[in-house]
Enquirer: 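Sharing a structure below in structure tokens format, with a few things to ask.
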Amino acid sequence: MKKLKYPHLFEPITLGKTLFRNRIFGSPLGGMNLYEGKFPGTESHAFYARKAKGGAASVAIGECVVDSAHGRGGPVHTAIDDIRAISYLSKLAENINRYGAVPVAELAHAGMYSEASHAAGNPLYGPVSMTVKGAVASAGVSQVEEIPAEVIEQTIEAYANSALTAKNCGFGMVMIHGGHGWLMSQFISPYTNTRTDEWGGSSRENRMRLPLAVIERIRQKCGADFPIEFRMSGDECNPAGYGIEEGIEIAKMLDGKVDLIHVSTGVHECYSSFTKTSPGLFDEDGCNAHYAAEIKKHVKTPVATVGAFSDPAQMEELIASGKVDIIEIARGLMADPDLPNKARRGRDEDIRQCIRCLECFSSLLNKFQFCCAINPEISNELDGDVLKPAEVKKKILIAGGGIAGMEAALAAIKCGHEVVLCEKSGNLGGVLKVEEKVPFKQKLDRYLNQQARLVMESGADVRLDTEVTPELAEEIAPDVIIAAMGARPVIPPIPGIDGSNVIGAEEAYLDTEKVGKKVVMLGGGLVGIELGLYLARLGREVTVVEMMPQPNLGGNTCHGIALDQEIEKRNLKLILSTKALEVTDKGVWTENMNSRTFYEADTVIYATGMRPLREEAAALRECSPEFYQIGDCVTPKNIHQATKTAYYIVSSLGKF
């Protein structure tokens with residue numbers, strides 16, 4: 001009899017009377033492709049259904065607002081209290097359920113962060129009257145009114161009505177969002193709930209009265225067998241808020257009253273807790289699991305953990321050891337929706353693990369659209385599998401084996417084309433391979449190595465140490481050339497830049513022994529900042545000099561938050577709005593507001609941007625009937641842009 005590699009991870013679990021096929025639950029994601037900004041349409045259906053198809057036991061649709069008049073935080077939250085939502089939600093539940101997953105509706109109310117409701121002319125209610133800054137996506141300041149007792153009663157009814165709507169639409173469970181600073185969390189926390197009536201104050205029983213009343217009313221409306229999941233912050237990770245000890249007591253009060261206690265962390269009020277709620281590049285896999293494990297010791301109700309999971313071996317260990325009962329995953333199922341199915345079959349090496357770049361979250365905040373840096377399928381699920389066998393098989397020459405070149409090669413092979421991939425260096429992976437020793441880039445390095453392995457195993461003709469020239473192109477005689485040559489570092493025109501104490505960022509990454517104790521980094525973009533943080537971890541004193549008033553982080557808002565915290569933690573010195581004038585053997589002269597300052601340095605490193613290899617690519621433009629230029633040799637951007645462009649350009653080849 002064949003045995004599963006991860007038997008505990010794939011053991012079914014019953015909550016209420018609903019059977020879940022394994023212990024991998026799709027954590028709630030919401031706020032994208034909504035008709036009128038309120039109703040999940042066909043694009044959303046495909047987005048969620050893809051995760052169900054990949055083998056997750058449940059798929060949660062996030063941010064279903066129970067009271068649109070008073071609880072709508074953003075312009076793209078599902079209005080589950082609007083009768084028009086029923087048709088959309090019913091179809092969504094059907095699309096998830098058809099693949100064997102349980103659809104889950106996250107019931108939410110933004111409370112004092114209900115900015116969209118307030119903008120529509122409604123009162124902004126919170127536990128007490130206060131002035132607050134907006135949530136993560138807003139810099140505004142608003143006056144909050146204390147929610148009256150009669151509105152609290154209406155809110156309880158709104159939750160119950162919304163739960164019943166979800167059940168009637170075919171959802172197999174509801175999740176009450178009681179963490180992260182949403183309304184339930186605002187009432188639970190002694191930091192935000194200082195009411196003097198039965199709904200709050202110093203009494204934990206009073207602060208828990210609202211969530212417990214909501215749970216009880218949902219039970220009355222939906223029946224005892226309909227499962228309820230309660231999402232809570234086990235620790236607010238806020239010096240002014242509660243810690244795990246209070247989290248345990250909160251969980252005890254939920255014990256036996258809900259079917260699943262979902263333990264997350266963090267709150268809106270605390271900027272530094274953002275990367276606790278959504279772990280970034282600098283955090284370990286499953287870094288929040290210890291909160292759930294601690295709560296698990298004190299309750300009988302099943303407990304779920306969430307945050308930075310992608311390794312099935314780690315998930316198996318947590319469940320097998322009894323530390324948690326369920327693993328919830330959000331970003332990991334965007335990086336690879338097939339993660340559950342691959343893990344069940346023991347194909348760990350084929351799982352495309354999330355690199356935790358936070359590109360997905362930043363895209364949602366800035367564009368109301370999810371994306372994934374390493375999975376171009378995300379938000380394009382309606383396209384289906386675009387890499388179908390080509391009608392006309394072609395010979396494709398790919399110049400460059402970096403991010404874009406490897407993705408193009410894999411896509412072309414899948415479409416049935418003949419592929420010749422030439423890489424100038426001796427390794428696939430491109431310029432990012434210089435970061436392979438960086439501890440916080442191990443997920444990225446795993447991805448690069450995985451892509452390289454897949455290319456080498458694909459049947460493509462891979463030629464390392466081979467530069468593509470017009471002469472080579474003529475010899476190969478391809479039907480298509482894809483130039484993915486990348487970019488090279490810009491050397492700033494500063495006196496002394498050719499000194500013996502000056503090196504480029506790539507050289508510093510490759511050989512940190514060349515870097516002295518005291519470092520001045522020229523350039524405050526992602527390369528300079530991340531290299532500076534790496535060197536600071538190795539004990540160097542790093543000063544970053546940047547001409548602009550802010551570091552250039554490439555538009556990745558959420559990764560910027562993670563960088564801010566790491567910069568403070570590592571004592572990285574940022575000198576902004578400052579121009580480097582001259583490098584000497586002792587350091588760097590700079591100018592800021594007409595004031596000259598000298599910064600001592602044993603080593604000066606330049607990280608002042610990249611020059612796209614456009615001319616080198618242009619030399620191949622007339623060497624084949626079809627020519628495409630992709631990735632950094634067009635304009636240096638990011639992994640997401642390189643991957644997506646390569647994937648979709650190849651999908652268009654061979655139509656005629």
Enquirer: Hey, mind stepping through His45 and Arg50 against side-chain contact (heavy atoms from CB on, under 4.5 Å) and telling me if it holds?
Expert: CA-CA 8 Å; His45 297 173; Arg50 180 64 183 85; over 6 Å; no
Enquirer: Show the numbers, then the answer: is there a side-chain contact (heavy atoms from CB on, under 4.5 Å) between Leu210 and Ile156?
Expert: CA-CA 7 Å; Leu210 175 57; Ile156 294 169; 3.6 Å; yes
Enquirer: Just checking, any donor-acceptor pair under 3.5 angstrom between side chains of Ser272 and Gln565?
Expert: no
Enquirer: May I ask you to decide if Cys360's main-chain N or O and Ser363's side chain share a donor-acceptor pair within less than 3.5 Å?
Expert: no
Enquirer: Does the side chain of Thr301 pick up a donor-acceptor pair with the side chain of Asp255 at under 3.5 Å?
Expert: yes
Enquirer: Would you call Glu153 and Arg217 a salt bridge, using N to O less than 4.0 angstrom?
Expert: no
Enquirer: Donor-acceptor pair, distance only, cut-off 3.5 Å: does the side chain of Arg23 make one with the backbone of Ile326?
Expert: no
Enquirer: What do you reckon, is CD of Glu284 surrounded by more than 12 foreign heavy atoms closer than 6.0 Å?
Expert: no
Enquirer: Quick one, Asn552 with Leu526, criterion side-chain contact (heavy atoms from CB on, under 4.5 Å). Give me CA distance, side-chain angles, the key distance, then yes/no.
Expert: CA-CA 7 Å; Asn552 179 11; Leu526 274 177; over 6 Å; no
Enquirer: Hey, are Glu63 and Thr78 close enough side-chain-wise for a donor-acceptor pair under 3.5 Å?
Expert: no
Enquirer: Tell me if a side-chain donor or acceptor on Gln314 pairs with a main-chain N or O of Asp285 at a distance below 3.5 Å.
Expert: yes
Enquirer: For Gln186, does its backbone N or O pair with a side-chain atom of Asn193 as donor and acceptor, under 3.5 Å?
Expert: no
Enquirer: Apply side-chain hydrogen bond (donor to acceptor under 3.5 Å, both in side chains) to the pair Glu546 and Thr578, showing each step before the final yes or no.
Expert: CA-CA 6 Å; Glu546 167 58 41; Thr578 299; over 6 Å; no
Enquirer: Applying salt bridge (charged side-chain N to carboxylate O under 4.0 Å, His left out) to Lys644 and Glu377, what does each step give before you reach the verdict?
Expert: CA-CA 8 Å; Lys644 182 177 70 173; Glu377 182 185 9; over 6 Å; no
Enquirer: Is the shortest side-chain heavy-atom distance between Phe440 and Tyr534 below 4.5 Å?
Expert: yes
Enquirer: Could you check whether Lys257 pairs with Glu216 (Lys NZ or Arg NE/NH1/NH2 to Asp/Glu carboxylate O, under 4.0 Å)?
Expert: no
Enquirer: Can you tell me how far the OH atom of Tyr88 sits from the SG atom of Cys169, to the nearest 0.5 Å?
Expert: 13.0 Å
Enquirer: I'd like to check Pro127 versus Trp199 (side-chain heavy atoms, cut-off strictly below 4.5 Å). Are they in contact?
Expert: no
Enquirer: Can you give me the closest heavy-atom contact between Thr192 and Met112, atom names plus distance?
Expert: CG2-CE, 3.7 Å
Enquirer: Just wondering, do Leu212 and Leu254 contact through their side chains at under 4.5 Å, heavy atoms?
Expert: yes
Enquirer: Who are the side chain to side chain contact (heavy atoms under 4.5 Å, CB included) partners of Glu294, not counting sequence neighbours?
Expert: Ile244, Ile248, Lys297, His298
Enquirer: Under the side-chain hydrogen bond (donor to acceptor under 3.5 Å, both in side chains) criterion, do Lys443 and Ser310 qualify, and how do the steps go?
Expert: CA-CA 10 Å; Lys443 291 293 183 183; Ser310 56; 3.2 Å; yes
Enquirer: When you compare the side chains of Asp235 and Thr265, does any donor N or O come within less than 3.5 Å of an acceptor on the partner?
Expert: no
Enquirer: From the options Lys276, His180, Arg231, select the one residue that forms a side chain to side chain donor-acceptor pair (under 3.5 Å) with Ser264.
Expert: His180
Enquirer: Assess whether a salt bridge exists between Arg72 and Glu115, defined as any Lys/Arg side-chain N lying under 4.0 Å from an Asp/Glu carboxylate O.
Expert: no
Enquirer: Taking NZ in Lys221 as the centre, count heavy atoms belonging to other residues, nucleotides or ligands within less than 6.0 Å. Is the count above 12?
Expert: yes
Enquirer: Are Lys51 and Phe47 in a cation-pi setup, meaning NZ or CZ lies under 6.0 angstrom from the ring centre and within 45 degrees of the ring axis?
Expert: yes
Enquirer: Can you measure from NE2 (His109) to CG (Leu107) and round to the nearest 0.5 angstrom?
Expert: 12.0 Å
Enquirer: For residues Glu381 and Ile378, determine if any side-chain heavy atom of one lies less than 4.5 Å from a side-chain heavy atom of the other.
Expert: yes
Enquirer: Is the shortest heavy-atom distance from the side chain of Leu574 to the side chain of Met521 under 4.5 Å?
Expert: no
Enquirer: Do Ser117 and Asn122 meet the criterion of a side-chain donor-acceptor pair at a distance under 3.5 Å?
Expert: no
Enquirer: State whether the side chain of Ser114 and the backbone N or O of His70 hold a donor-acceptor pair below 3.5 Å, judged by distance alone.
Expert: yes
Enquirer: In terms of the angle between their ring planes, are Phe20 and Phe25 parallel, tilted or perpendicular, with boundaries placed at 30° and 60°?
Expert: parallel
Enquirer: For residues Tyr271 and Asp564, is any side-chain donor paired with an opposing acceptor at under 3.5 Å?
Expert: yes
Enquirer: What do you reckon, is CE of Met130 surrounded by more than 12 foreign heavy atoms closer than 6.0 Å?
Expert: yes
Enquirer: Measure from the side-chain N and O atoms of Arg219 to the backbone N and O of Phe226, and report whether any donor-acceptor pair falls under 3.5 Å.
Expert: yes
Enquirer: Is there a donor-acceptor pair under 3.5 Å between the side chain of Ser273 and the backbone N or O of Val267?
Expert: yes
Enquirer: Around atom CE of Met253, are there more than 12 heavy atoms of other residues, nucleotides or ligands at under 6.0 Å?
Expert: yes
Enquirer: Do Lys91 and Thr42 have side-chain atoms, one donor and one acceptor, less than 3.5 Å apart?
Expert: no
Enquirer: Look at the side chain of Ser129 and the backbone N and O of Glu146, then say whether any donor-acceptor pair between them is shorter than 3.5 Å.
Expert: yes
Enquirer: Centre-to-centre under 6.0 Å for Tyr242 and Tyr191, is that the case here?
Expert: no
Enquirer: Ignoring hydrogens and geometry, is there a side-chain-to-backbone donor-acceptor pair from Asn206 to Ser202 under 3.5 Å?
Expert: no
Enquirer: Is there side-chain contact between Leu89 and Pro40, with at least one heavy-atom pair below 4.5 Å?
Expert: yes
Enquirer: Within the 4.5 Å heavy-atom criterion, are Leu339 and Met315 side-chain neighbours or not?
Expert: yes
Enquirer: Taking atom CE of Met173 and atom CG of Leu260, what is their separation to the nearest 0.5 Å?
Expert: 5.5 Å
Enquirer: Which distance, rounded to the nearest 0.5 Å, do you find between the OG of Ser44 and the CG of Asn95?
Expert: 11.0 Å
Enquirer: Enter the distance from His262:NE2 to Glu106:CD here, rounded to the nearest 0.5 Å.
Expert: 8.5 Å
Enquirer: Could you tell me whether a side-chain N or O of Ser203 sits under 3.5 Å from a main-chain N or O of Gly201, the two making a donor and an acceptor?
Expert: no
Enquirer: Hey, is Asp336 close enough to Arg331 for a salt bridge, meaning N to O under 4.0 Å?
Expert: no
Enquirer: Stepwise, does the side-chain contact (heavy atoms from CB on, under 4.5 Å) test hold for Leu572 with Val544?
Expert: CA-CA 8 Å; Leu572 196 72; Val544 178; 4.1 Å; yes
Enquirer: Does atom CD of Glu150 have more than 12 heavy-atom neighbours from other groups under 6.0 Å away?
Expert: yes
Enquirer: Can you measure from SG (Cys357) to CG (Leu281) and round to the nearest 0.5 angstrom?
Expert: 8.0 Å
Enquirer: Could you walk me through whether Glu229 and His177 pass the side-chain hydrogen bond (donor to acceptor under 3.5 Å, both in side chains) check?
Expert: CA-CA 9 Å; Glu229 177 179 0; His177 197 337; over 6 Å; no
Enquirer: Hey, does Phe230 have a side-chain heavy atom less than 4.5 Å from the side chain of Asp259?
Expert: no
